[in-house]
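Take a look at the structure set out below.
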Amino acid sequence: MEVLYEDNHLIIVNKEVGEIVQGDKTGDKPLSETIKEYIKEKYAKPGNVFCGVVHRLDRPVSGVVVFAKTSKALERMNRMFADHQQIKKTYRAIVCGRPERADGKIESYLLRVEKQNKSYSYSTAKPNSKFASLDYKTIACGDRYSVLEVELHTGRHHQIRCQLASIGCPIKGDLKYGAPRSNPDGGISLLAHSIEFIHPVSKELIHVEAPLPKDPLWNKLLNE
């Protein structure tokens with residue numbers, strides 16, 4: 001586990017592809033438990049250790065994830081995440097091909113189908129659909145792939161994956177949304193690149209970035 005930032009109230013880590021943020025039906029060990037063990041050992045804490053899940057990333061996604069070390073921080077961070085204006089999150093994605101417009105906004109209505117664990121994008125509202133909005137810009141291009149930087153304005157199920165696929169640019173490795181082949185590590189080329197917010201207790205500006213994934217294609221595309 002790679003710790004990117006830590007203080008008395010928060011811990012921000014770099015999630016790897018395949019890791020889960022909190023426990024699910026698979027029974028696999030979640031990051032929240034790994035962090036509890038880390039805190040318990042590092043600070044020699046007796047008894048139970050608190051670790052609050054502030055937000056989640058899909059299992060095949062890597063990058064920045066914030067956890068709370070105190071209940072006060074968890075409550076305040078939850079309120080900040082509910083108000084999307086207070087948290088600035090940027091993502092980077094390697095996508096197949098390149099978008100028709102280099103920069104743009106995608107607004108659509110996403111309908112989540114639980115049985116398929118998949119969302120579908122529509123231009124008009126459907127029953128049970130939710131409005132979704134993001135901005136993207138192309139920051140690198142290669143022969144077959146492009147790197148897009150994405151800023152979310154809403155937080156919907158599989159939003160980035162679904163909306164980028166809807167403009168003909170599925171994320172590399174994302175078979176569920178139209179990528180032609182999987183990645184060797186079973187993940188998708190979507191990185192929670194950075195997060196910025198005012199610390200809920202100290203009121204300082206916090207800005208944390210994740211390192212690029214190990215896949216050399218990231219470096220190749222961004223340095224061409």
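These figures come from a predicted structure and were not determined experimentally.
Taking 4.5 Å as the limit, some side-chain heavy atom of Ile206 sits within range of a side-chain heavy atom of Tyr5. In this structure the side chain of Ile94 never reaches within 4.5 angstrom of the side chain of Ser146, judged on heavy atoms. At a threshold of 4.5 Å between non-hydrogen side-chain atoms, the residues Arg79 and Gln86 do not count as touching. Side chains of Val61 and Leu191 form no contact here, defined as non-hydrogen atoms less than 4.5 Å apart. Side chains of Tyr145 and Leu221 form a contact here, defined as non-hydrogen atoms less than 4.5 Å apart. Proximity of Pro211 to Glu2: side-chain heavy atoms (C-beta onward) are separated by under 4.5 Å at one or more points. Residues His199 and His9 meet the side-chain proximity criterion, which asks for heavy atoms closer than 4.5 Å. The shortest side-chain heavy-atom distance between Cys96 and Cys169 does not fall under the 4.5 Å cut-off.
Atom-to-atom distance recorded for Ser119:OG and Lys176:NZ is 9.0 Å, nearest 0.5 angstrom. For the atom pair CD of Gln22 and CG of Leu31, the computed distance is 11.0 Å after rounding to the nearest 0.5 Å. Phe50 contributes atom CZ, which lies 11.0 Å from atom OG of Ser32 (distance to the nearest 0.5 angstrom). Taken from NZ in Lys15 to OG1 in Thr34, the straight-line distance is 12.0 Å, to the nearest 0.5 Å. If you take CZ on Arg92 and CD on Glu149, they are separated by 4.5 Å, rounding to the nearest 0.5 Å. Here CZ of Arg98 is found 8.5 Å from CG of Asp143. Values are rounded to the nearest 0.5 Å.
Cluster membership check: Leu152 does not share its hydrophobic cluster with Ile87, using side-chain heavy-atom separations under 4.5 Å among Ile, Leu, Val, Met, Phe, Trp and Tyr. Follow the hydrophobic side-chain contacts under 4.5 Å out from Tyr177 and you never reach Ile106; the two are in separate clusters. Clustering ILVMFWY residues whenever any of their side-chain heavy atoms sit less than 4.5 angstrom apart, transitively, puts Phe197 in the very cluster that holds Leu4. Ile11 and Ile195 fall into different hydrophobic clusters, where Ile, Leu, Val, Met, Phe, Trp and Tyr side chains are chained together by heavy-atom contacts under 4.5 Å. Hydrophobic clustering of Ile, Leu, Val, Met, Phe, Trp and Tyr side chains at less than 4.5 Å, counting indirect connections, keeps Trp218 apart from Ile171.
For the 3.5 Å distance criterion, the side chains of Glu209 and His207 qualify, holding a donor opposite an acceptor. For the residue pair Tyr122 and Lys126, no side-chain donor N or O sits within less than 3.5 Å of a side-chain acceptor on the partner.
Look at Lys36 and Glu33 and you find a salt bridge, because one of the NZ, NE, NH1 or NH2 atoms lies within 4.0 Å of a carboxylate O, short of that distance. Looking at Glu37 and Lys29, a side-chain N of the basic residue comes within less than 4.0 Å of a carboxylate O on the acidic one, giving a salt bridge. Residues Lys172 and Asp215 are paired through a salt bridge, judged by an N-O separation under 4.0 Å between the basic side chain and the carboxylate. Comment: Asp58 engages Arg161 in a salt bridge, judged by a side-chain N to carboxylate O separation of less than 4.0 angstrom.
Asp24 CG: more than 12 foreign heavy atoms inside a 6.0 Å radius. Within 6.0 Å of CD in Glu100 there are 12 or fewer heavy atoms belonging to other residues, nucleotides or ligands. With a 6.0 Å radius and a threshold of 12 heavy atoms from other residues, nucleotides or ligands, Arg56 has its CZ atom at or below the threshold.
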Going through the distances and angles, do Ser189 and Asn183 end up as a side chain to side chain donor-acceptor pair (under 3.5 Å)? CA-CA 8 Å; Ser189 300; Asn183 285 348; 3.2 Å; yes

Assess whether side chain to side chain contact (heavy atoms under 4.5 Å, CB included) is satisfied between Tyr109 and Leu111, documenting all intermediate values. CA-CA 7 Å; Tyr109 293 86; Leu111 180 63; over 6 Å; no

Would Asp28 and Arg59 count as a salt bridge (charged side-chain N to carboxylate O under 4.0 Å, His left out) if you check the C-alpha gap in whole Å, the side-chain angles of each, and the deciding distance to 0.1 Å? CA-CA 11 Å; Asp28 293 343; Arg59 188 168 197 147; 2.4 Å; yes

Checking Asn78 against Arg76 for the side chain to side chain contact (heavy atoms under 4.5 Å, CB included) test, could you report, in this order, the C-alpha distance in whole Å, the side-chain angles of both residues, the deciding distance, and whether it holds? CA-CA 5 Å; Asn78 281 340; Arg76 293 181 182 182; over 6 Å; no

Ser108 vs Gln163, test: side chain to side chain contact (heavy atoms under 4.5 Å, CB included). Steps then yes/no. CA-CA 8 Å; Ser108 63; Gln163 288 194 306; 2.9 Å; yes

Could you give me the CA-CA distance, side-chain angles and deciding distance for Tyr43 and Lys69, then say whether side chain to side chain contact (heavy atoms under 4.5 Å, CB included) is met? CA-CA 12 Å; Tyr43 301 102; Lys69 293 169 68 176; 3.8 Å; yes

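A pairwise comparison of heavy atoms in Glu19 and Asn14 identifies OE1-O, 4.4 Å as the closest pair. Contact record, Leu190 with Ala93: CD1-CB, 3.8 Å, taken as the closest heavy-atom pair. Between Tyr91 and Ala192 the shortest heavy-atom distance is CD2-CA, 3.6 Å. Here the shortest heavy-atom pairing between Val66 and Leu10 reads CG1-CD2, 4.4 Å. Of all the heavy atoms in Ile167 and Pro99, the pair that sits closest is CD1-CB, 4.1 Å. The heavy-atom pair separating Met80 from Pro200 by the smallest distance is SD-CB, 4.1 Å.
Distance alone, capped at 3.5 Å, is enough to place a donor-acceptor pair between the Lys40 side chain and the Gly47 backbone. A donor-acceptor distance shorter than 3.5 angstrom exists from the side chain of Asn223 to the backbone of Asn219, with no hydrogens or angles considered. In this structure a side-chain-to-backbone donor-acceptor pair under 3.5 Å is missing from Ser62 to Val17.
Taking the six-membered ring wherever Trp is involved, the centroid distance between the rings of His55 and Phe81 falls below 6.0 Å.
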Name every donor-acceptor pair, under 3.5 Å, that has one atom in a side chain of residues 131-142 and the other anywhere in the protein, sequence neighbours excluded.
| from | atom 1 | to | atom 2 | distance (Å) |
| --- | --- | --- | --- | --- |
| Asp135 | OD1 | Lys105 | NZ | 3.1 |
| Asp135 | OD2 | His153 | NE2 | 2.6 |
| Tyr136 | OH | Arg101 | O | 2.8 |
| Thr138 | OG1 | Ala102 | O | 2.7 |

